[in-house]
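Side-chain atoms are counted along with the backbone in the values below, which use heavy atoms only and exclude waters and symmetry mates. Residue numbers start from 1 in every chain, and the chains themselves are labelled A, B, ... in the order their sequence lines are given, proteins ahead of strands.
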There are 2 protein chains.
Amino acid sequence: MTGNSHIQKALKMLENSPLKLTSQRVSLIKTLFKDGNQHFSAEDVYNKVKNTGVRISLATIYNCLNQFTSHGILKMVKASSDKVYFDTNLKSHHHFFCKASGELTDIDAKKVRISKLPKIPQGKKLNSIEVIVNISD
Amino acid sequence: MTGNSHIQKALKMLENSPLKLTSQRVSLIKTLFKDGNQHFSAEDVYNKVKNTGVRISLATIYNCLNQFTSHGILKMVKASSDKVYFDTNLKSHHHFFCKASGELTDIDAKKVRISKLPKIPQGKKLNSIEVIVNISD
DNA sequence: TACTAAATTAGAATTATTCTAAATTAGAAT
DNA sequence: ATTCTAATTTAGAATAATTCTAATTTAGTA
Ligand SMILES: [Mn+2]
Ligand SMILES: [Mn+2]
Ligand SMILES: [Zn+2]
Ligand SMILES: [Zn+2]
């Protein structure tokens, strides 16, 4: 047991959440966090999990991905794509997006400096700033 | 004839494009550019046009909005929403997005300074930088 | 006026995602 | 251990946004 630390950390977050520790959720965490920071569509996850031999319905994939997102175990990213991406990188960061390939790539927050921003509209509060750098070949 | 300049400019762009000047396209331009910079979903446009008494199919709305986008008469914006927004502001700019209300608001490019960016990945070229400032009540 | 490529349209199809309602299960209580 | 119950899982239907198909119409040219 090499003990993948990404998986361990995510499992700990699941345990610390009010979500029950089901076999489906544990399998999902293991698949999602196996290889460090990645971006998955729901269908990606469905196929990846199937490849491990574990059987989970697509409805459960969606349920869990959304619950993980609500509980801070995943982040959701929308780009100029018809599908949503789930992001295992929980640090605040930005993205390159290549529409042609559908590939989303992390940009570390330190690599971007936003030195000027307008004031937030009356009565609203700032939630997050997302920078997407669209690229192509 | 007061001669709305936003409409005139967009009609000029339509004339200068290879797209044929059909009654549907002209009606669309008039509806879209009537009130300056705005953000519309396809359904928004469909309803707005219907209110003017003009009858255009939803398929044509989608066809035209996509063609206008391809020919630089409109821009497309994706936010954390299930629908695409079409933007009549052709200048390079950014957005506030309030998920709760679905409201997208322009931020002038001058109000944002990005003073640091990572280098673009090997063999790719920079297309655009989109900053979305997510806000809530 | 006739011609033809482009555009429009109704309605079907597709895709991503959510919902429904019935069966199963995790974890707490006995 | 056994029971209990709310949370979870699931198949399949439903929904919503968007695209496609194939027939009809039209813009702009000859
Ligand atoms: Mn879609
Ligand atoms: Mn949807
Ligand atoms: Zn990321
Ligand atoms: Zn805008």
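- B:K83 comes within 4.0 angstrom of the backbone, heavy atoms only, and of no base.
- Each end of the helix from C:dT1-D:dA30 to C:dT30-D:dA1 gets its own axis from five base pairs, and the two axes differ in direction by 20°, given to 10 degrees.
- Using a 4.0 Å cut-off between charged nitrogen and carboxylate oxygen, A:D137 and B:K124 count as a salt-bridge pair.
- When each of C:dA16, D:dA17, C:dT9 is scored by its nearest atom to the side-chain atoms of A:Y62, the top-ranked nucleotide is C:dA16.
- Of all nucleotides listed (C:dA7, C:dT18, C:dA10), C:dA7 comes nearest to the side chain of B:T22.
- Across the interface with DNA chain D, nearest-nucleotide mapping of B:L19 and A:I56 shows A:I56 to be the residue nearer the 5′ end.
- Atoms NZ (B:K20) and C1' (D:dG28) sit 6 Å apart, rounded to a whole Å.
- Distance alone, capped at 3.5 Å, places no donor-acceptor pair between the A:T88 side chain and the A:L32 backbone.
- Side-chain N/O atoms of B:S41 include none lying less than 4.0 angstrom from OP1 or OP2 on D:dA17.
- Closest of all the heavy-atom pairs between A:Y46 and A:I56 is CE1-O, 3.2 Å.
- Contact annotation: B:R55 reaches the phosphate of C:dA10 (side-chain N/O to OP1 or OP2, under 4.0 Å).
- Proximity of a side-chain donor or acceptor of B:K48 to a complementary backbone N or O of B:L28 within less than 3.5 Å is not detected.
- Nucleic acid contact for B:T60: base, since at least one base atom lies under 4.0 Å from a heavy atom of the residue.
- Across the interface with DNA chain C, nearest-nucleotide mapping of A:A59 and A:E43 shows A:E43 to be the residue nearer the 5′ end.
- Closest to the side chain of A:Q24, out of D:dA17, D:dT10, C:dT8, is D:dT10.
- Closest to the side chain of B:L21, from the set D:dT18, D:dG28, C:dA26, is D:dG28.
- At a threshold of 4.0 angstrom between heavy atoms, the contacts of B:N63 include nucleobase atoms, whether or not backbone atoms are also involved.
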Kindly list each side-chain donor-acceptor pair under 3.5 angstrom involving residues 7-15 of chain B, sequence neighbours excluded, with atom names and distances?
none

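- The closest donor-acceptor contact from the side chain of A:H39 to the backbone of A:L104 lies under 3.5 Å.
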